[in-house]
*Asks:* 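Encoded as structure tokens, here's the structure I'll be asking about.
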Amino acid sequence: MGLLTGKIAVVTGAASPRGLGKATAKLFAEHGATVVITDLDEAQAQAAADDLPGEGHMGMACNVTDKEACFATAAAVIEKLGAVDILVNNAGIQFRKPMLELETADWRRVLDINLTAAFVVGREAAKRMAKRGRGKVINIGSLTSELARATVAPYTVAKGGIKMLTKAMAAEWGELGIQSNAIGPGYMVTDMNEALLSNPDFDAWVKGRTPMRRWGLPEELAGTCIYLASDASNYVSGQIIYADGGMISVL
Ligand code: NAD
């Protein structure tokens, strides 16, 4: 019996083959969950769902900044699978530009995807979870949930917001039987970091700055997700756990 046997999980932005969402969906499926993978492209989401171990997984197109699409996806999940037990708000983008050159439209776009969407999708999932008196919401933050870094101001603000959104969810939804937590990944080997991984100076900086002297692997984020998605964490709510090789703990 897996840790998530019989559970229905939705992971947003999980179609990217090397992404944190896909690795999380795979580990969820290995532990017995039925997983709904959502992403921008329906065919890619379906291909990612087809790639998961076990039966019954679904891939659906859902742009998390399109609230009508979020409503329709939530309704379709309930219609087809009957419930949602676990939501991972994983979809996200990075955008690098110094603040003095940053357009307001780009600021809003990064906030919309990385923060507002977690509220909208979280709210739609929590309405369904509340009816059954149980559920798990996991929001993906970042080291920038705590620390700023030059050229990524809107991302920093969004991920700082994710930390406090998680606490707000815990404050309001705890009495409904829903635990809300966040994970702050360190520097992970995913497509989002392609340019950084192939930059020798940045690679050396990450390894020098991280006590574990390496980048993180998507499976290592997924392992933390499993804990927060399972009954093992039923009295844990409002927390952000950093899966970062110790980076945020040291100067
Ligand atoms: P990734 O680029 O591999 O995956 C992100 C996914 O989100 C993609 O599949 C993309 O299509 C999807 N997406 C983007 N915009 C979307 C939208 N509007 N609607 C639906 N889906 C959308 O990136 P990743 O590294 O796997 O990142 C996953 C999450 O982890 C993100 O929230 C990111 O901010 C966070 N994170 C990543 C790292 C890292 O080092 N990789 C560190 C900290 C936090």
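Counting starts at 1 for both ligands and their atoms, in listed order. Along the sequence shown, the residues carry numbers beginning at 1.
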*Asks:* Is the closest N or O pair between Leu143 and ligand 1 shorter than 3.5 Å?
*Replies:*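 Among all N and O atoms of Leu143, none is under 3.5 Å from an N or O of ligand 1.
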
*Asks:* Please state which protein non-hydrogen atom is closest to atom 24 (P) of ligand 1 and give its distance, to 0.1 Å?
*Replies:*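 For this ligand atom, the closest protein heavy atom is Thr190 OG1, 3.7 Å.
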
*Asks:* So is Tyr187 polar-close to ligand 1, meaning N/O to N/O under 3.5 Å?
*Replies:*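 N/O-N/O distance under 3.5 Å: no.
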
*Asks:* Does a donor on one side chain sit under 3.5 Å from an acceptor on the other, for Asn193 and Trp215?
*Replies:*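 The criterion, which ignores hydrogens and geometry beyond distance, is not satisfied for Trp215 and Asn193.
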
*Asks:* Measure the distances from the heavy atoms of Trp215 to every atom of ligand 1 and state whether one is below 4.0 angstrom.
*Replies:*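 Contact absent.
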
*Asks:* Short question: side chain of Arg128, backbone of Glu124 - any donor-acceptor pair under 3.5 Å?
*Replies:*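 Yes: the side chain of Arg128 pairs with the backbone of Glu124.
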
*Asks:* Side chains of Ser180 and Lys167: do they bring a donor and an acceptor to under 3.5 Å?
*Replies:*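 Per modelled atom types, Ser180 and Lys167 side chains form no pair under 3.5 Å.
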
*Asks:* Nearest protein heavy atom to atom 31 (C) of ligand 1, by residue and atom, and its distance?
*Replies:*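 Ranked first by proximity to atom 31 (C) of ligand 1 is Asn90 O, 3.1 Å.
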
*Asks:* Assess whether atom NZ of Lys67 is packed by more than 12 heavy atoms of other residues, nucleotides or ligands within 6.0 Å.
*Replies:*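 Check fails, neighbour count at 12 or below.
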
*Asks:* Gly19 heavy atoms, cut-off 4.0 Å: which ligand 1 atoms fall inside?
*Replies:*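 Here the atoms of ligand 1 in question are 3 (O), 26 (O).
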
*Asks:* What about Met188: any of its N or O atoms under 3.5 Å from an N or O on ligand 1?
*Replies:*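 Yes, Met188 has an N/O under 3.5 Å of an N/O on ligand 1.
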
*Asks:* Would you mind checking which non-hydrogen protein atom is closest to atom 18 (N) of ligand 1, with the distance to 0.1 Å?
*Replies:*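 Atom 18 (N) of ligand 1 sits closest to the protein heavy atom Asn63 OD1, 2.9 Å.
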
*Asks:* Distance under 4.0 Å to a non-hydrogen atom of Ile140: what atoms of ligand 1 satisfy this?
*Replies:*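 Numbered from 1, ligand 1 contributes 29 (C), 30 (O), 35 (C).
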
*Asks:* Please could you name the atoms of ligand 1 that Ala91 approaches to less than 4.0 Å, counting only its heavy atoms?
*Replies:*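 That gives atoms 7 (O), 20 (C), 21 (N), 22 (C), 32 (O) of ligand 1.
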
*Asks:* Relative to atom 3 (O) of ligand 1, which among Ala23, Gly141, Cys70, Ser16 owns the nearest non-hydrogen atom?
*Replies:*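 Heavy atom nearest to atom 3 (O) of ligand 1 belongs to Ser16.
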
*Asks:* Should one rank Pro218, Cys62, Gly92 by closest heavy-atom distance to atom 20 (C) of ligand 1, which comes out on top?
*Replies:*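 Shortest heavy-atom distance from atom 20 (C) of ligand 1: Cys62.
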
*Asks:* What residue and heavy atom of the protein are closest to atom 2 (O) of ligand 1, and at what distance?
*Replies:*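 The protein heavy atom lying closest is Met192 CB, 3.8 Å.
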
*Asks:* Test of understanding: given a 4.0 Å heavy-atom threshold, classify the contact between Thr38 and ligand 1 as side chain, backbone, both, or neither.
*Replies:*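 Within the 4.0 Å criterion, Thr38 makes no contact with ligand 1.
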
*Asks:* Under 4.0 Å, counting heavy atoms only: does Lys159 come that close to any atom of ligand 1?
*Replies:*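 The answer is yes: ligand 1 sits under 4.0 Å from a heavy atom of Lys159.
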
*Asks:* Strictly under 4.0 Å, does any heavy atom of Asp39 approach an atom of ligand 1?
*Replies:*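 Within the 4.0 Å threshold, so yes.
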
*Asks:* What residue and atom, counting heavy atoms only, is the protein's closest point to atom 6 (C) of ligand 1, and at what distance?
*Replies:*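 Among all protein heavy atoms, the one nearest atom 6 (C) of ligand 1 is Gly13 O, 3.2 Å.
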
*Asks:* Looking at Phe95 and Leu102, what are the two nearest heavy atoms and their distance?
*Replies:*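 Closest approach of Phe95 to Leu102, heavy atoms only: CE2-CD1, 3.7 Å.
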
*Asks:* With atom 38 (C) of ligand 1 as the reference point, say which of Ala243, Pro17, Ser142, Gly186 has the nearest heavy atom.
*Replies:*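 Shortest heavy-atom distance from atom 38 (C) of ligand 1: Gly186.
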
*Asks:* Return the residue, atom name and 0.1 Å-rounded distance of the protein heavy atom closest to atom 37 (C) of ligand 1.
*Replies:*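 Protein heavy atom at minimum distance: Leu20 CD1, 3.6 Å.
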
*Asks:* Do Thr166 and Asn139 get their side chains close enough for a donor-acceptor pair, meaning under 3.5 Å?
*Replies:*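 A pair is found: one side chain offers a donor N or O, the other an acceptor, under 3.5 Å apart.
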
*Asks:* Quick one, Lys136 with Asn234, criterion side-chain hydrogen bond (donor to acceptor under 3.5 Å, both in side chains). Give me CA distance, side-chain angles, the key distance, then yes/no.
*Replies:* CA-CA 9 Å; Lys136 303 274 190 182; Asn234 276 355; 2.8 Å; yes

*Asks:* If you look only at distance, which donor and acceptor atoms sit under 3.5 Å apart when one is on a side chain in residues 170-178 and the other is two or more places apart or in another chain?
*Replies:*
none

*Asks:* Considering heavy atoms of the protein only, find what lies nearest to atom 17 (C) of ligand 1 and give residue, atom and distance to 0.1 Å.
*Replies:*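 Answer for atom 17 (C) of ligand 1: Leu40 CD2, 3.4 Å.
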
*Asks:* If a pair satisfies side-chain hydrogen bond (donor to acceptor under 3.5 Å, both in side chains) and one of its residues is in residues 236-245, list it, with sequence neighbours excluded.
*Replies:*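 For residues 236-245: Glu146-Tyr242.
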
*Asks:* So with a 6.0 Å cut-off around CZ of Arg213, is the heavy-atom count from everything else above 12?
*Replies:*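 For Arg213, atom CZ is crowded (more than 12 foreign heavy atoms under 6.0 Å).
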
*Asks:* Establish, yes or no, whether a centroid distance under 6.0 Å links the rings of Trp205 and Tyr187.
*Replies:*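 Yes, ring centres under 6.0 Å apart.
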
*Asks:* Hey, is NZ on Lys131 packed in by over 12 heavy atoms from elsewhere, all under 6.0 Å?
*Replies:*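 Check fails, neighbour count at 12 or below.
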
*Asks:* For atom 36 (N) of ligand 1, which protein heavy atom lies nearest, and how many Å away is it?
*Replies:*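 Checking every protein heavy atom, the shortest distance to atom 36 (N) of ligand 1 gives Tyr155 OH, 3.5 Å.
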
